[in-house]
Amino acid sequence: MNTHAIPTARFDHRKYAPAPTVQLSNRTWPDNPISKAPLWCSVDLRDGNQALIEPMSVEQKCQLFSLLVEVGFKEIEVGFPAASQPDFDFVRRLIDENRVPKDVTIQVLTQCRDALITRTFEALQGARCATVHLYNSTSKVQREQVFKSDKKGITALAVAGAKQVLACAQKQTNTQWQFQYSPESFTCTELDYAVEICNAINAVWQPTLENPVIINLPATVEVASPNVYADQIEWFCRHIQNRDSLIISLHTHNDRGCGVAAAELGVMAGADRVEGTLLGNGERTGNMDIITMAMNLYSQGIDPALNLADMSRIIQVVEQCTAIAVHPRHPYAGELVYTAFSGSHQDAIRKCIAMYELKHGLEHDSAQPWEVAYLPIDPRDLGRNYEEIIRINSQSGKGGVAFLLEQHSGLQLPRWLQIEFSQVVQHETENIGGEISANAVWQTFEQTYLAKQDWLLERFQLEKQPSGTNYCHATLTLAGENVDIQGSGNGLLESVVNALQEQFAIPIDIVEYSEHALTEGTDSRAVAYIKVRSGDLYGYGVAIHQDTLSSSINALLKATQQIRG
Ligand code: KIV
Ligand code: ZN
């Protein structure tokens, strides 16, 4: 009997029903591409914090708050102060220590209960401006099974909460107040009832163009595909009263892995504002990841209105505060997302980057959009460098190895040497069974082609003869002894080949040769690459020298010496 058989009895799809769809004629959202960033509200310190195994300390919250401000959030939900003493203390600290910049509004969450609302306003005493975020659950399941109530009862609870929020706010007139209401579990609420309860709240709060109310429509649990959420948002926006005086906000969770997609389609469907967390921490599979959504906009040429350039610091602070590691393949932020191991990917990236730099120099030219195979954005924008893009293991090809060498030391290996050297590297990675660093690739190259040679060129003289041929007289050191060689030929290399043949009786043909300057400016050096053949044997030589002729002769000596053994 197979003791590892997968049990099938309980794995029965008939247990589940499809999520309802929306009757929406002439939906417009599919034709409304996003053209500007939504208003962002970070809920890292509230929803994100509520989902942590170990909630953040006040110190950690202060650290994360500073990061959120630096990144450019203008609205930050800082906690649920009536439900948690550390949240209360943190809100007090922000206010008492004057930590909230003038252009930033803090937001706090409260349920529709008298004592909680009173405590919430205590926490906010002395705030310059603040958003009070009131919520209750509105879905059928919640109404009937959790609250044992009906639509009327749930609406009455919300309206009583809204009235108390208004009354408390009217007593604290030094604060500039904004109100927000969330029909929690909106996506599982009948749409006409969601509109009805929000209209009832707005009848209390009386939003105006100057003083809009935020209506936040949460996908508390993501139960349908993102197009259904977009339909719900468009339907809601069409039916809610006084739409112009409302800020329609989205708050998606990621249960089906589409939290970002749902928020994107929801913005296309007419929403103005999006709540989420940096890197997607939050209940269950997380909140909508603001970094991914913002970078998606950025990659489409839209200013995300957040500065994510120092991604490694963002990751470091988020990991420190949440104790959750970022997945190496996390969109835009993961350690491996700009890395290519596959040879064909490496080759394509190398060619496209070379072309991009040739066209634009190293400076960004907005007239010419980024177009590099396999890289949706330029990793340098997030502080990542090219060495991270191309990493070498046994899957890698010549292109990647050549790219790393060029980045590391300026060597532009000719194709024939790329082929030869990539085999040396592959041999090494297969032996190691893993990855080798750019530095290790360089060291392998050095040991294979550049390490100290036995035959050294001491000096040479080249003369043009009346016949037109070149005559070369060179002095080599060979195992500590000086040896003079001389020969003539059509060019320098031919005359040295002939001289070597004369001296050591080695018949040699030059099969490949190329050279290039290594650095620019007055102290530039030259590198020469040579492949020679003697019968069935091949030798490879590379040499770097201040002058081109010496680097060429030295490369030839190395290649010849390889054949001689
Ligand atoms: O997911 C949710 O519904 C919430 C509400 C409190 C907005 O976090
Ligand atoms: Zn939430």
Side-chain angles (χ1 to χ4, degrees), residues 19 38-52 55-56 75-84 87 105-113 116-117 120 131-143 146-147 154 157-158 161-162 165 178-191 193-194 197-198 201 213-224 226 228-229 232-233 236 246-260 262-263 266 271-290 293 322 324:
L39 302 168
W40 300 112
C41 174
S42 151
V43 296
D44 292 79
L45 294 162
R46 197 278 297 170
D47 219 358
N49 187 51
Q50 284 182 305
L52 295 176
M56 286 176 239
E75 294 180 71
I76 304 175
E77 190 165 67
V78 291
F80 194 162
S84 129
D87 278 17
T105 302
I106 54 170
Q107 171 172 316
V108 295
L109 183 74
T110 179
Q111 287 171 345
C112 304
R113 298 217 322 253
L116 296 184
I117 295 172
T120 302
T131 301
V132 177
H133 178 186
L134 182 74
Y135 83 99
N136 67 330
S137 265
T138 52
S139 69
K140 187 164 180 287
V141 172
Q142 294 265 7
R143 289 192 314 258
V146 183
F147 292 94
I154 295 293
L157 182 75
V165 165
Q178 173 137 52
F179 302 142
Q180 170 166 333
Y181 174 67
S182 293
E184 199 219 60
S185 59
F186 161 78
T187 46
C188 296
T189 302
E190 303 85 333
L191 277 171
Y193 178 57
I197 196 167
C198 292
I201 296 285
V213 158
I214 301 169
I215 294 292
N216 187 47
L217 302 174
T220 305
V221 179
E222 183 176 56
V223 293
V228 175
Y229 186 59
Q232 290 171 321
I233 301 301
F236 186 94
L246 303 176
I247 293 170
I248 299 295
S249 174
L250 309 177
H251 177 111
T252 59
H253 280 264
N254 198 36
D255 298 78
R256 295 165 54 98
C258 302
V260 169
D272 311 296
R273 179 182 187 267
V274 172
E275 293 191 345
T277 59
L278 293 179
L279 301 163
N281 171 47
E283 294 284 7
R284 304 177 308 282
T285 54
N287 280 77
M288 203 290 303
D289 172 10
I290 291 188
M293 182 163 172
T322 61
I324 295 176

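On a predicted model such as this, the values are computed, not experimentally measured, just so you know. Counting starts at 1 for both ligands and their atoms, following the listed order. Side chains included, hydrogens not; waters and symmetry mates left out as well; all remaining heavy atoms used. Sequence positions, counted from 1, serve as the residue numbers for this chain.
Of all protein heavy atoms, the one lying nearest to atom 4 (C) of ligand 1 is H251 NE2, 3.5 Å. Here the heavy atom of the protein found nearest to atom 5 (C) of ligand 1 is R46 NH2, 4.0 Å.
Atoms of ligand 1 lying under 4.0 Å from at least one heavy atom of E184, given by number and element, are 3 (O). Of all atoms in ligand 1, numbered sequentially from 1 with element shown, those under 4.0 Å from a heavy atom of D47 are 8 (O). Within the listing of ligand 1, atoms 1 (O) sit less than 4.0 angstrom from a heavy atom of H253.
As for D47, its N/O/S atom nearest the Zn ion (ligand 2) is the one called OD2.
Ligand 1 has no N or O atom lying under 3.5 Å from any N or O atom of S182, backbone or side chain. Checked by distance only, ligand 1 and T220 come closer than 3.5 Å through their nitrogen or oxygen atoms. Distances between N or O atoms of Y135 and those of ligand 1 include no value under 3.5 Å. Ligand 1 has no N or O atom lying under 3.5 Å from any N or O atom of N216, backbone or side chain.
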Inset, instruction - Verify side-chain hydrogen bond (donor to acceptor under 3.5 Å, both in side chains) between Q180 and E275, making sure each step is shown before the conclusion. - result: CA-CA 12 Å; Q180 170 166 333; E275 293 191 345; 2.9 Å; yes
Inset, instruction - Could you check E77 against H133 for side-chain hydrogen bond (donor to acceptor under 3.5 Å, both in side chains), going step by step and ending with a plain yes or no? - result: CA-CA 9 Å; E77 190 165 67; H133 178 186; 2.7 Å; yes
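Without hydrogens or angle criteria, N254 side chain to G259 main chain gives a donor-acceptor distance under 3.5 Å. Formation of a donor-acceptor pair under 3.5 Å by the D272 side chain with backbone atoms of I248 is found in this model. Side-chain N or O atoms of T277 include none that pairs as donor or acceptor with a backbone N or O of G48 at under 3.5 Å. For the pair T120 (side chain) and T110 (backbone), a donor-acceptor distance under 3.5 Å is absent.
Comment: E190 engages R143 in a salt bridge, judged by a side-chain N to carboxylate O separation of less than 4.0 angstrom.
Using a 4.0 angstrom heavy-atom cutoff, E275 does not count as in contact with ligand 1.
Two residues are said to be in side-chain contact when any heavy atoms from C-beta on lie closer than 4.5 Å; Q107 and V78 fail this criterion.
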